[in-house]
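Report on one structure; see the data block that follows.
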Amino acid sequence: MGRAAISRYLNTYPRTGDCAIVCEGDFVGYEAALIVKWFLNNNLHIDVWPCGMASAAPGVVDAIGRSIPVFVIEDRDFRELSQANQGCEKKKDDRVQRGARIINWVSWQRHEIENYLLEPDVIFPVMGEAFKIKNLDLIQQKLERLLKNSFSYYALQCAIYQWRSNFPRFDPTIQNISGKFQEPKPFWDSVKKTFVFPSQEQISNFLNKVADANKEIIENADKRLLAPKDCENIFNSKIKQWENMEVGNKGWLIDWPGKDVMAHLRKELAYEFSWQEENINWDKMSRAEQKERDLEIEQALQPYLCNQFLRFLSQQSNSAIRKEWDGLVESVKNFKKP
Amino acid sequence: MKIRKLHIKNYRAIDDVVLDFVDALGNIRPITVIAGPNGSGKTSILYAIVRALGVTGYNPESVPEPSQLDIRGAQLDSGGWQSVAANSTASVEVELEFAETEIKAIEKVYQGLSRLPQKRSFSLPPLPLRTIILKWTYPTNPHPDGRLKPWWWIESIEPKNALGWSRARGATIYAWKQKVIELDTLLQVGGIHFFPQDRALYKRVLGEGLPKDQAGDMLVSPVSVTSAEEQEEKPESKELSVFSILKYFSDAAHFANLPDDRIWEKRVQESFARVCAPKKYIGFKIHPELLPGGAPCFKNGGTIYPLHHAASGELVIIEYCARLNYPQPQNNHLILIDEPDAHLHPSWIRKLFSSLPQIGEGNQFVLTTHSQELKDLAARDKCLIDLGGL
């Protein structure tokens, strides 16, 4: 974009930061709280623009990126990191073509922001204080059991995500997966007093149903699409990769959906140890009531988790997690204003 | 001493409001931000806290002494004073919490005082919940003999006979002066400190010099010394200018031969840098021609400049850093700041917000604001009380 065109946008930015960080989530989410504080700790005055979901980021960048340099961070989700980087690079180039000033466009190296807060040194002390659990080993045991029970469910999520991401957006097949057949989902079992995740058999049945239903469409479809069998292959390979996860492994911490893992752990602890001296019986609540109650607990924990994570991060020196967060700051510091 | 809960009725702009200063886990928030438009009662809330806690011995000049005009509904008309209804009173109920370390320190204070020859009897009932509840009303009720009780009189207190807890700060200063407690004990007992809006910023910062009788009187609080149980003594608080405090710190650092951990000037420098870096506070400097009497000085890159050349925002920050370390670092204190954002760029507001909890230990900050920046920060940290309208 030429100098005259750029000058139209200067001084029209409505906030005070030296650059904007566009991320997923909303204004009360973990990203907004953590990113502002982390950059502030590094003497950078930035504004955070949560945009809900990654698909909305290009629009936000179009809106503000000509007035202020923008750094975009999107969730990695179930993508491989290289795959995510490729996608980010493409989006960055597209937006630069449209005159936006992009500092960088990256994805988190972990599935999403909650995956960082699940670091045992972060989540255990916070959950311990919140639920008044003095012996943090009890939380670890609870988490171990969750990992053992839920790996096949997350493998299914991953398989569907990767499979679906190969379909063009307008392809009606996507509707068949998410609408016609309900994915098997975990539910709270009041007898076992825990979340019960779908069995591998239930998951296989679901995959077969989807494959049968989409057979015709896929046979006639674009060559770029994966065959239904590939969905099952992804599922099986993830099962192998994830079936023996323990708290000490990094695999689950990096690849699994942190938001879900955290929610399940939170709900189990609330049930077993009560919340603010009140028993929480998830089975006696409707789905909406469960959601409302869990949100209340999540909001109470949020400032504690954010502060504990920032403390944890400041104590790290050469770890991958510290390098990643330092890298965000370095990108902004090294960005040369035109 | 920190606030858990506050109930204000009929006081200045406040009709009836209950405010909670604890988070969802029941812990007192280190910072609470009260946001709202003009006239919503933000300053009234801070004044109510200060006045309801007059019994602590803290009586800053910047908060007007209570009068009939403070009772909601009172007004002046063109003919002069128009009084409120005869039975109208303002009331403030405050639930205070003491830290465990503070409780132990207060017990030591009263043990120390009881050893003095002129000892008085002190009532210090146990606090299993670490809390007391004070109720202050204005006008106060008369004594049985018809004499009016003074405005700082506490109407009721729970547990009964817990006045010693509420007056612990004054008693601690007195015990320190009488040399019956150690510095560690003094540093644990919290009080209250109020920073008013900036109407008199320049006077407060650059005002009167250090009175001779206080020069060299290290670690003596300007808060009046009060006995533990006598409520009739009027609380008196004299404030030194920031200039004087900084000179005092500098003298102490250079001439008092103090160990490193008692050089409060360093703490001022560190606290200032947390907000204003790369600008630095470098201490009290003398220049034979330009500053023959000396002045607190700052450095920005290669430039050194004295306090009276500092930007308004720098004056605000240096005032917080100085007062919250004078005459010794304030810990377990209740610190009220009325509109700290008035002179600050949003980036400094953010830094101030994040660095306040690092000033002293166990302090509770209650801030008021019009600033959207500060409001956003507080909302994200779940420490916002929104009086609406922003």
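Worth knowing before you read on, the calculation uses all heavy atoms, side chains too, and leaves out hydrogens, waters and symmetry mates. Chain A is the first sequence line, chain B the second, and so forth, proteins listed ahead of strands; every chain is numbered from 1. Just so you know, these numbers come straight off a predicted model, no measurement behind them.
Side-chain atoms of A:Phe131 and B:Leu25, non-hydrogen and from C-beta on, never get closer than 4.5 Å to each other. The side-chain heavy atoms of A:Lys37 and B:Arg380, taken from C-beta on, include no pair separated by under 4.5 Å.
Within a 6.0 Å radius of NZ in B:Lys104, no more than 12 heavy atoms belonging to other residues, nucleotides or ligands are found. Counting non-hydrogen atoms of neighbouring residues, nucleotides and ligands closer than 6.0 angstrom, the CD atom of A:Glu129 exceeds 12 such neighbours. Within 6.0 Å of atom CD in A:Glu292, 12 or fewer heavy atoms from other residues, nucleotides or ligands are found, so the atom counts as exposed in its surroundings. Within 6.0 Å of the NZ atom in A:Lys142, the count of heavy atoms belonging to other residues, nucleotides or ligands exceeds 12. Within a 6.0 Å radius of NZ in B:Lys280, no more than 12 heavy atoms belonging to other residues, nucleotides or ligands are found.
Looking at B:Ser347, both its backbone and its side chain come within 4.5 Å of chain A, counting heavy atoms on both sides. If you measure heavy-atom distances from B:Asp23 to chain A, the contacts under 4.5 Å come from the side chain alone.
No side-chain N or O of B:Asp381 forms a donor-acceptor pair with one of A:Gln302 less than 3.5 Å apart.
Ion pairing of A:Asp47 with B:Arg350 is present here, as a side-chain N (NZ or NE/NH1/NH2) and a carboxylate O approach within less than 4.0 Å.
Across A:Gln276 and B:Gly26, no two heavy atoms sit closer than the pair OE1-N, 4.4 Å.
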Test A:Leu40 against B:Lys351 for side chain to side chain contact (heavy atoms under 4.5 Å, CB included), laying out the working first.
-> CA-CA 7 Å; A:Leu40 186 63; B:Lys351 287 182 182 177; 3.6 Å; yes
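Per-residue counts of heavy-atom pairs under 4.5 Å with chain B were compared for A:Gly17, A:Ala300, A:Ala33, A:Ala32; the largest is that of A:Ala32.
Rounding to the nearest 0.5 Å gives a distance of 9.5 Å between CD of B:Gln372 and CZ of A:Arg15.
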